[in-house]
**Student:** 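My structure is below; once you've seen it, I'll send some questions.
The sequence lines fix the lettering, A, B, ..., with proteins before strands; numbering per chain opens at 1.
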Protein chains: 2
Amino acid sequence: MEPLVARLRRREWRLTAQRRVIAEVLTGEHVHLTADEVFERARALLPEVSRATVYNTLNELVGMGELAEMPHADGRKRYDPNVGDRHHHLVCVDCGRILDVRADEPRLPADQQHGFELLGVEVTFRARCPDCASVPADVS
Amino acid sequence: MEPLVARLRRREWRLTAQRRVIAEVLTGEHVHLTADEVFERARALLPEVSRATVYNTLNELVGMGELAEMPHADGRKRYDPNVGDRHHHLVCVDCGRILDVRADEPRLPADQQHGFELLGVEVTFRARCPDCASVPADVS
DNA sequence: CTCCACCCTTGGAACTGTTCTATGTTCGGG
DNA sequence: CCCGAACATAGAACAGTTCCAAGGGTGGAG
């Protein structure tokens with residue numbers, strides 16, 4: 001899949017300096033940043049970017065389907081630019097690290113569908129990463 | 001699975017009046033309440049219960065493994081008393097309604113495990129419920 | 001039965017992540 | 001240039017959750 005910035009360029013979407021750095025920061029595999037992490041990294045590239053713009057842009061990109069929003073146990077949403085490429089998530093319950101993984105998708109039996117129109121499925125494997133497994137408590 | 005209150009009774013856990021009504025409210029299938037909904041319903045049964053106690057109790061129960069916490073896109077966590085009974089969730093993207101469903105669990109291939117110690121898997125089917133499918137916009 | 005220590009509960013303040021608002025800035029077309 | 005529309009900004013407002021200091025109830029020791 002081509003990177004987010006490239007995808008945006010071919011859409012008719014005004015790519016301002018602020019929006020570009022936000023999109024640039026959201027590139028690659030295993031990238032699952034919080035809004036605040038996006039803000040910090042974007043600001044490192046372009047100091048004149050505000051938190052509001054980060055939130056506005058993230059929400060717009062999610063609405064456009066160019067970014068996936070994933071709720072997380074700690075309350076902060078993560079943003080995943082790796083859309084269109086079916087994958088699931090492997091999450092460390094201790095440190096919160098998230099990796100993209102491939103596995104087959106579960107199917108919902110017809111008798112369990114309750115008349116719903118199915119749109120997609122999200123799979124999250126909860127696990128403990130090697131680093132956290134080697135220490136007794138959590139790595140905070 | 002026996003109800004939450006019954007499970008708690010056999011543990012050595014002080015079951016005060018407040019904790020009991022909180023547990024009673026969390027009983028049944030397809031029960032996925034927010035903390036505030038738990039608070040409202042508990043208070044209907046026992047007016048002298050505070051929001052802080054609801055949060056304290058919910059977090060304790062989650063820590064004990066008697067309650068599952070599920071992050072949601074709208075920011076409010078839902079609490080599911082139906083633990084120990086493997087099931088997944090069917091969520092309406094418009095109105096947020098959540099149903100318990102059974103489906104087979106996806107397995108994580110060994111070459112995708114990244115050395116993590118697997119603990120569990122959460123599956124969420126995103127869909128549109130019959131009520132929301134019949135109207136153009138969302139039911140707010 | 002009485003007392004004490006401890007855990008539980010409480011209301012409200014504090015905190016965190018997100019959204020809103022009012023204002024200023026930039027861009028492209030005429 | 002000048003204008004309107006879209007975009008960006010700082011900070012206030014908001015919602016959900018957690019923290020805190022103080023009060024209250026309960027169970028065990030004596």
**Student:** Determine: side-chain N/O of B/Y55 to OP1/OP2 of D/dT17, distance under 4.0 Å, yes or no.
**Tutor:** yes
**Student:** Looking for any heavy atom pair under 4.0 Å, which part of the strands does A/N59 touch: base, sugar-phosphate only, or nothing?
**Tutor:** sugar-phosphate
**Student:** At under 4.0 Å, does any side-chain N or O of A/Q18 touch on OP1 or OP2 of C/dT26?
**Tutor:**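 No, outside the criterion.
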**Student:** Look at B/E2 together with B/R10 and state whether they make a salt bridge at an N to O cut-off of under 4.0 Å.
**Tutor:** yes
**Student:** Using a strict 4.0 Å threshold on nitrogen-to-oxygen distance, state whether A/R11 and A/E66 make a salt bridge.
**Tutor:**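 Salt bridge: yes.
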**Student:** Under 4.0 Å from OP1 or OP2 of C/dC27: is there any side-chain N or O of A/T16 that close?
**Tutor:**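 Result: no.
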**Student:** Students often get this wrong, so: under 4.0 angstrom with heavy atoms, is B/T53 touching a base, only sugar-phosphate, or nothing?
**Tutor:** base
**Student:** Nearest nucleotide by nearest heavy atom, which residue falls closer to the 5' end of DNA chain D, B/R14 or B/R76?
**Tutor:** B/R76
**Student:** For the residue pair B/H32 and B/H87, does the interplanar ring angle fall in the parallel (under 30°), tilted (30 to 60°) or perpendicular (over 60°) class?
**Tutor:**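 Because their plane-to-plane angle lies in the 30° to 60° range, the rings of B/H32 and B/H87 count as tilted.
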**Student:** Closer to the 5' end of DNA chain D via nearest nucleotide, is it B/D74 or A/N56?
**Tutor:** A/N56
**Student:** Ion pair present between B/R102 and B/D85, side-chain N to carboxylate O less than 4.0 angstrom?
**Tutor:** yes
**Student:** Of the listed nucleotides (D/dA10, C/dC8, C/dT19), which one gets closest to any side-chain atom of B/R19?
**Tutor:** C/dC8
